[in-house]
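Worksheet: one structure, shown below.
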Protein chains: 2
Amino acid sequence: MSQTDTVSRILDAAEVLFAERGFTETSLRTITSTAGVNLAAVNYHFGSKKELIQAVFERFLTPFTQTLADELDRRVTAGQAVTVEGLLESLYRVGMGSLAAQGRDPQRFMRLLGLAYTQYQGHLRRFIVSRYGDSYRRFAGLLAQALPGLDPVTFYWRLYFMLGATIFTLSSFDAIEAILREDFGAESSLPETLERLVPAAAAMLKVDAD
Amino acid sequence: MSQTDTVSRILDAAEVLFAERGFTETSLRTITSTAGVNLAAVNYHFGSKKELIQAVFERFLTPFTQTLADELDRRVTAGQAVTVEGLLESLYRVGMGSLAAQGRDPQRFMRLLGLAYTQYQGHLRRFIVSRYGDSYRRFAGLLAQALPGLDPVTFYWRLYFMLGATIFTLSSFDAIEAILREDFGAESSLPETLERLVPAAAAMLKVDAD
DNA sequence: AACTGTTTTAATCGTTGGTTTAAATCTGTA
DNA sequence: TACAGATTTAAACCAACGATTAAAACAGTT
């Protein structure tokens, strides 16, 4: 088994288990036995459990933010006005597409993102902000441009409302979908849900202040 | 120290610590030493850590749902049409008021609610659904009535979008507020934020399907 | 084939967790 | 004041955790 093999097997197993149960509830023993590698491999290759957690986030956030940056470049240089709906579509399409292209599950990353916000892991928040804060500010800046006349504080609160609706819904997608299927017999796919989310979130961002 | 004293001291400490760090990350030793009671008191009075977690939720959800039911009764029997904005205002006012009346912190309960959704605690989700599912369905039913013509599946997804925006934002209120204060020098209170949230969430729920 | 640095392995360390126990203490009642 | 049940206490139990170690196995180079 080559080194890269062991490293990626650990990352694969950790990604799935962290998303399912959270960080503290997932032991290194569970991760390594799922991955089929020795317990000591995590400390050998990553140093510590904390650094493993960061590596899991790095592996999906780096290509995600890179692809999003390209997508935003394309929209901006296209010359035409950047709309709220267009930006949300870009965000969701990149989240779906760039990850699905790697054969990875988009919902899993939403769950991980949700955990990054809610779990008590100071090091993780610091890691994400320092590494991906620029991408976040770029997107927020473009969205603010698409909403002229909105005062900055109101805009930022609504940005968090939008993030909350997105992360909360998609990270619990399976559970919500199961409830709707049971109550209405109607299946919902992730792309369908994102199509519902774009106009809803856009309306929330755009509503006139009163 | 009387029994009720010990029990409520444990609940007080557990409530704060759970909201700060999550369930797994908070040990019974931390809880009992914060509360100034013996370690064994938790198992003596509650049976186990799981049952303590449920008791923390019961102590704030029971008065909350009770007050909300009274508030909804008042709105319905008043005769006039029940509006989306009115229902959201009721929800938020009860969340703020009925808890603040007990001298307890509303944001803390939002964090706990967020944890109930995101943390890996199957027993807690089952407990809440079985105990408070009726209250949830009552509110959702009235909200659906206030949105005639919206197909049920779209309505339910938007209901979750609204819950996500609310729970996510308010459970991270302190962190978000700190960022906004640093960037804009503008302070936001919780009531102000709820005043921003009502029209934004209402617009999201009411936007025409396309 | 012999050597060298890298990786894997099994075993162990020290710590912390939830829970249990039995004795001590308290509280209310007769 | 003496008794009975409820509560509190200090101590211990045992399982699980992250981390470390030294030896074994491996891979690439000469």
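Chain identifiers are assigned alphabetically (A, B, ...) following the order of the sequence lines, protein sequences preceding nucleic acid strands; residue numbering begins at 1 within each chain. Side-chain atoms are counted along with the backbone in the values below, which use heavy atoms only and exclude waters and symmetry mates.
Contacts of residues 10-23 of chain A with DNA chain C (heavy atom under 4.0 Å): none. Of the residues in residues 27-34 of chain A, those lying under 4.0 Å from DNA chain D by heavy-atom distance are A/Ser27, A/Leu28, A/Arg29.
Candidate nucleotides D/dG18, D/dA10, D/dT8 were compared by shortest atom distance to the side chain of A/Lys49, and D/dG18 ranks first. Comparing atom distances between the B/Leu39 side chain and each of D/dT20, C/dT8, D/dA11 picks out D/dA11 as nearest. Proximity note for A/His45 (side chain, C-beta onward) versus C/dT9, C/dT8, D/dA11: the nearest is C/dT8.
Considering only residues two or more places apart in sequence or on other chains, B/Arg138 meets the side chain to side chain donor-acceptor pair (under 3.5 Å) condition with B/Asp73. Partners of B/Glu51 under the side chain to side chain donor-acceptor pair (under 3.5 Å) rule, at least two apart in sequence or in another chain, are B/Ser48. Residues passing the ring-ring contact (aromatic ring centres under 6.0 Å, His included) test with B/Phe184 are A/Tyr156, sequence neighbours excluded. With sequence neighbours excluded, the residues that form a side chain to side chain donor-acceptor pair (under 3.5 Å) with A/Asp134 are A/Arg137. Scanning for ring-ring contact (aromatic ring centres under 6.0 Å, His included) contacts around B/Phe109 gives B/Phe60, with sequence neighbours left out. Scored by the ring-ring contact (aromatic ring centres under 6.0 Å, His included) test, A/Phe168 finds B/Tyr117 as partners (sequence neighbours excluded). Listed by chain and residue number, A/Trp157 satisfy the side chain to side chain donor-acceptor pair (under 3.5 Å) test with B/Ser188 (two or more places apart in sequence, or in another chain).
Heavy atoms of A/Thr26 sit under 4.0 angstrom from primed sugar atoms or phosphate atoms, though from no base atom.
The only option from A/Leu61, A/Thr65, A/Thr62 that meets the side chain to side chain contact (heavy atoms under 4.5 Å, CB included) definition with A/Ser135 turns out to be A/Thr65. Just one of A/Thr34, A/Asp5, A/Leu28, A/Val42 meets the side chain to side chain contact (heavy atoms under 4.5 Å, CB included) condition when paired with A/Ile10; it is A/Val42.
Nucleotide C/dA11 holds its P atom 18 Å from the CG atom of A/Asn43, rounded to whole Å. With rounding to whole Å, B/Gln121 atom CD is found 13 Å from C/dG18 atom C1'. Spacing between atom CD of A/Glu51 and atom C1' of D/dA19 amounts to 13 Å, rounded to whole angstrom units. One can place OH of A/Tyr44 at 13 Å from P of C/dG5, the figure rounded to the nearest angstrom. C/dT9 atom P lies 5 Å from atom CG of A/Asn38, rounded to whole Å.
Within the structure, a side-chain polar atom (N or O) of A/Thr6 is placed less than 4.0 Å from OP1 or OP2 of C/dT8.
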